[in-house]
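Below, chain A is the first sequence line, B the second, and so on; all start at residue 1.
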2 protein chains.
Amino acid sequence: MNKKGKGEKSERILDVAEELFALHGYDGVTMRQISTGAQVDVALANYHFGKKLDVFYAVFNRRAALLSDTRRELLLKSQQDATEKPQTLEQIIAAFLLPLKFAQETGDPGWKNYMALLAYVMTSPIWSKKLMKDNFDKRVVEFIEALKLAFPKAKEEDIHWCYHYVSGALALTLAQTGRIDRLSGGLCLSADFDAAYDRMIPFVAAGFREVCGGK
Amino acid sequence: MNKKGKGEKSERILDVAEELFALHGYDGVTMRQISTGAQVDVALANYHFGKKLDVFYAVFNRRAALLSDTRRELLLKSQQDATEKPQTLEQIIAAFLLPLKFAQETGDPGWKNYMALLAYVMTSPIWSKKLMKDNFDKRVVEFIEALKLAFPKAKEEDIHWCYHYVSGALALTLAQTGRIDRLSGGLCLSADFDAAYDRMIPFVAAGFREVCGGK
DNA sequence: CACTATATTCAACAAGTGTTGAATTGGCAA
DNA sequence: TTGCCAATTCAACACTTGTTGAATATAGTG
């Protein structure tokens, strides 16, 4: 038996819920769709997690800490390895973005769904307020502090807005809407996270330097 | 009587639906919430627009063309006014972003809701496919063509990815999640579109030049 | 074996869902 | 007035929703 007393059906429920919530949003998914997809009775999700809202929270929380912690590790590591006094801007941005790329490379298809779910939460006025604060904000302020050190002369508002643009570019990438596939005629693929992140880092780094001060 | 045979109650339905859909998404809104908000019988929305899905489409289409057309106007105007052969990168980006700023400045509170709805559609894998193609894609390819002229040596994929980042930064701004308000401690405001666009243009312009080739 | 706790299913409820056909209103033309 | 058509409401339908208490299965322990 599992250590936490929850079997494999319990995780199948979360996996299916993750996929469905990412695709249709919270209200677009029914408990019966989840239980059918997990080949499980409709009452089982309630037994394990509580109400529908708790299922949603369980799905979101399952991978949130892992993602946020990896960000912290990379940020601290780059601070230690840095030869220069403050770490470079590219290092900060990479520490922020690469954990998502790494998660994708694990091969676990659940991460792909979770990223779309994360984009859904990030761009929703309601869920953003409820979920981002507890799971991500504490680590995000560490990044903003690092950015302040990298741009000591910059106005604080400029740094916040620039971070906001990075967050937006990231969110749309995570959403995997397939729009870039259509607009580019198949030249670019939403699923190609390597291509997305490799260009995103120099793109936003240049934007930061332009807005937040020279050098 | 109205020219199209639809009275003011008809528009009140669209206004309320616009606000609710922007906040809760398609499945998070019921016909009764809409009709109650519009102080109208629940059957009236069906009479005017058809099914619930048609109400959603009516809301989205109402302002889509106006927005897309203004983009085209600004782009053509900047092409004519340009002294240099190809217009500057900043002019292209401004033509893409400013129509949203202008719409905001009309004072019509409906635009604020519509922008959040637009962000919801842009970041949704499902709605993006169904709605963006018919309403925006034709004009977007014109912008990408203009960008190709501005960066004749750039690889086509780079241009598409950079446009993708702009689109993401814009989407998160339109969403008005209030997250930047919280992270900045009230220093930046989601509702302050002036602040958002004034910095977004130099930010993404610098990113384009970095990724898509010098100069 | 029996006992127990957990995991899972069964069956059903009350409330809410989108949708529709019939009935009612209101204004305008003949 | 009468007739007519669009706008609006009324009332109800069949169906789906989340949730729950009881019943059953399962597995580990003594």
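- Here the C1' atom of nucleotide C:dT25 and the NZ atom of B:Lys9 are 10 Å apart, to the nearest Å.
- Between B:Ile13 atom CD1 and D:dT9 atom P the separation is 9 Å, expressed in whole Å.
- For B:Lys133, the NZ atom is loosely surrounded, since the number of other residues' heavy atoms within 6.0 Å does not exceed 12.
- Put simply, OH on B:Tyr47 is 7 Å from P on D:dA6, counting in whole angstrom units.
- Under 4.0 Å is where a charged nitrogen must lie from a carboxylate oxygen, and between B:Arg199 and B:Asp194 no such pair does.
- When the P atom of D:dT8 is taken as reference, atom CD of B:Glu11 falls 12 Å away, rounded to whole Å.
- In terms of phosphate contacts, B:His48 brings no side-chain nitrogen or oxygen within less than 4.0 Å of OP1 or OP2 of D:dA6.
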Residue pair A:Trp127, A:Tyr120: steps toward the side chain to side chain donor-acceptor pair (under 3.5 Å) verdict: CA-CA 8 Å; A:Trp127 298 115; A:Tyr120 166 71; 3.0 Å; yes

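- Map A:Gly50 and B:Val40 each onto its nearest nucleotide of DNA chain D; the residue landing nearer the 5' end is B:Val40.
- Applying the ring pair (Phe, Tyr, Trp, His ring centres under 6.0 Å) criterion to B:Phe208, with sequence neighbours excluded, gives no partner residue.
- For the pair A:Asp54 CG and D:dG18 P, the interatomic distance rounds to 14 Å; values are reported in whole Å.
- Between B:Asp27 atom CG and D:dG18 atom P the separation is 11 Å, expressed in whole Å.
- A side-chain hydrogen bond (donor to acceptor under 3.5 Å, both in side chains) check over residues 50-59 of chain B, counting only residues at least two apart or in different chains, returns nothing.
- Taking 4.0 Å as the cut-off between side-chain N and carboxylate O, A:Asp134 and A:Lys129 do not count as a salt-bridged pair.
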All N/O pairs under 3.5 Å across the protein-nucleotides 11-18 of chain C interface:
unit_1 : atom_1 : unit_2  : atom_2 : d
C:dG18 : OP1    : B:Met31 : N      : 3.4
C:dG18 : OP1    : B:Lys52 : NZ     : 3.4
C:dG18 : OP2    : B:Met31 : N      : 3.0
C:dG18 : N7     : B:Arg32 : NH1    : 2.8
C:dG18 : O6     : B:Arg32 : NH2    : 3.1

